[in-house]
Colleague: 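Questions regarding the structure given below will be posed in turn.
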Amino acid sequence: MATIKGQNLRILLHEPDAEQRPACIAAATSCTAHIALQVQEDTTKDNENDWIENEPVGVNWEVDVEALVVNEDEGGAYKAADLVVGMVYDVWFSRTLGAAGSQNRDTTSSLVNMRGDAILSDLTINAQVGNITTYTAKFTGNGELTQEQA
């Protein structure tokens with residue numbers, strides 16, 4: 001089994017009705033995709049055992065990205081100032097080529113690629129004295145997350 005380094009997995013965003021291709025989050029330091037199954041108790045008085053039975057009722061997903069706050073132009077990549085809370089983005093969780101000098105921005109066909117619409121639901125900026133300023137962006141899935149080819 002091959003391993004994938006963290007710098008070769010990227011969150012890419014695409015604004016609805018925009019003509020540009022998906023662009024990565026500039027200066028990202030980490031990203032996490034979380035997919036969860038929601039269950040609801042389905043136990044009735046007619047159950048014959050003492051165990052609680054559960055029934056799946058839905059699936060939700062979210063993506064969290066932590067990145068450095070940067071001012072300079074990042075070649076089309078999204079910076080903190082470009083993100084709008086409440087906006088729906090086409091979000092890609094994708095594997096990159098990892099070629100030298102590409103800054104790991106070019107995606108490759110991979111089974112890792114997941115895509116779906118998500119709302120930027122939270123944007124937190126963390127500026128501590130003496131440290132580099134970072135931000136965390138939380139994208140909450142708005143519909144299904146599908147496996148895609150880049």
Side-chain angles (χ1 to χ4, degrees), residues 1-44 47 49-70 74-99 102-128 131-150:
M1 175 187 339
T3 59
I4 301 170
K5 293 182 178 179
Q7 68 264 29
N8 297 118
L9 286 174
R10 286 293 179 126
I11 299 299
L12 299 137
L13 303 177
H14 186 264
E15 294 177 27
D17 303 323
E19 294 184 16
Q20 88 276 11
R21 50 187 285 235
C24 69
I25 301 285
T29 58
S30 69
C31 60
T32 304
H34 179 246
I35 304 167
L37 176 69
Q38 294 174 327
V39 295
Q40 182 174 334
E41 186 177 331
D42 191 31
T43 305
T44 67
N47 289 44
N49 59 41
D50 292 334
W51 293 96
I52 293 175
E53 294 181 16
N54 289 297
E55 177 88 19
V57 293
V59 179
N60 61 33
W61 64 277
E62 62 189 29
V63 173
D64 293 319
V65 179
E66 184 173 334
L68 304 176
V69 173
V70 293
E74 288 291 326
Y78 281 89
K79 302 178 300 241
D82 300 326
L83 298 174
V84 179
V85 174
M87 180 179 252
V88 176
Y89 292 91
D90 183 12
V91 177
W92 294 61
F93 185 73
S94 187
R95 185 172 178 193
T96 64
L97 294 171
S102 71
Q103 295 181 314
N104 295 313
R105 291 184 180 169
D106 296 322
T107 59
T108 182
S109 294
S110 168
L111 295 177
V112 176
N113 294 336
M114 303 293 282
R115 178 182 181 183
D117 286 340
I119 300 167
L120 178 57
S121 57
D122 187 37
L123 185 63
T124 305
I125 297 174
N126 183 15
Q128 297 177 350
N131 290 328
I132 296 172
T133 303
T134 62
Y135 71 95
T136 303
K138 181 177 189 167
F139 297 89
T140 303
N142 186 25
E144 73 178 322
L145 183 63
T146 59
Q147 205 157 14
E148 297 281 332
Q149 293 298 318

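All values derive from a computational prediction rather than experimental measurement.
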Colleague: Identify the residue among L12, V63, V65, L68 that makes a side chain to side chain contact (heavy atoms under 4.5 Å, CB included) with I25.
Modeller: V65

Colleague: Mind checking the CG-CG spacing from N142 to D90? Nearest 0.5 Å is all I need.
Modeller: 11.5 Å

Colleague: Once you round to the nearest 0.5 Å, how far does CG of L145 lie from NE2 of H34?
Modeller: 12.5 Å

Colleague: Locate the shortest heavy-atom distance separating A27 from V70; write the atom from each residue and the value.
Modeller: CB-CG1, 4.0 Å

Colleague: I'd like to know if the side chain of T140 reaches the main chain of E62, judged simply by a donor and an acceptor atom lying under 3.5 Å from each other, with no hydrogens or angles considered.
Modeller: no

Colleague: Atom CG in L13, atom CG in D82: separation rounded to 0.5 Å?
Modeller: 10.0 Å

Colleague: Between A67 and A26, which heavy-atom pair has the shortest distance, and what is it?
Modeller: CB-O, 3.5 Å

Colleague: Walk me through whether E15 and Y89 qualify under side-chain contact (heavy atoms from CB on, under 4.5 Å).
Modeller: CA-CA 5 Å; E15 294 177 27; Y89 292 91; 3.8 Å; yes

Colleague: For L123 and A80, work out which heavy atoms get closest and say how close.
Modeller: CD2-O, 4.3 Å

Colleague: Could you give the distance from OG1 (T43) to CD1 (I52), rounded to the nearest 0.5 Å?
Modeller: 5.5 Å

Colleague: Quick check: closest heavy atoms across W61 and G143, and the distance to 0.1 Å?
Modeller: NE1-O, 2.8 Å

Colleague: Taking the side chain as everything from C-beta on, heavy atoms only, tell me whether W92 gets closer than 4.5 Å to I11.
Modeller: no

Colleague: Verify the neighbour count for atom CG of L37: are there more than 12 heavy atoms of other residues, nucleotides or ligands below 6.0 Å?
Modeller: yes

Colleague: Would the distance check show the side chain of S121 and the main-chain N or O of K138 forming a donor-acceptor pair, the cut-off being under 3.5 Å?
Modeller: yes

Colleague: First locate atom OG1 of T29, then atom OH of Y135, and finally report the distance between them rounded to the nearest 0.5 Å.
Modeller: 9.5 Å

Colleague: Give me the atom names and distance for the closest heavy-atom approach of A23 to Y78.
Modeller: O-CD1, 3.7 Å

Colleague: Distance check, rounded to the nearest 0.5 Å: T136 atom OG1 versus E66 atom CD?
Modeller: 4.5 Å

Colleague: Can you list the steps and then say if L120 with V84 is a side-chain contact (heavy atoms from CB on, under 4.5 Å)?
Modeller: CA-CA 7 Å; L120 178 57; V84 179; 5.6 Å; no

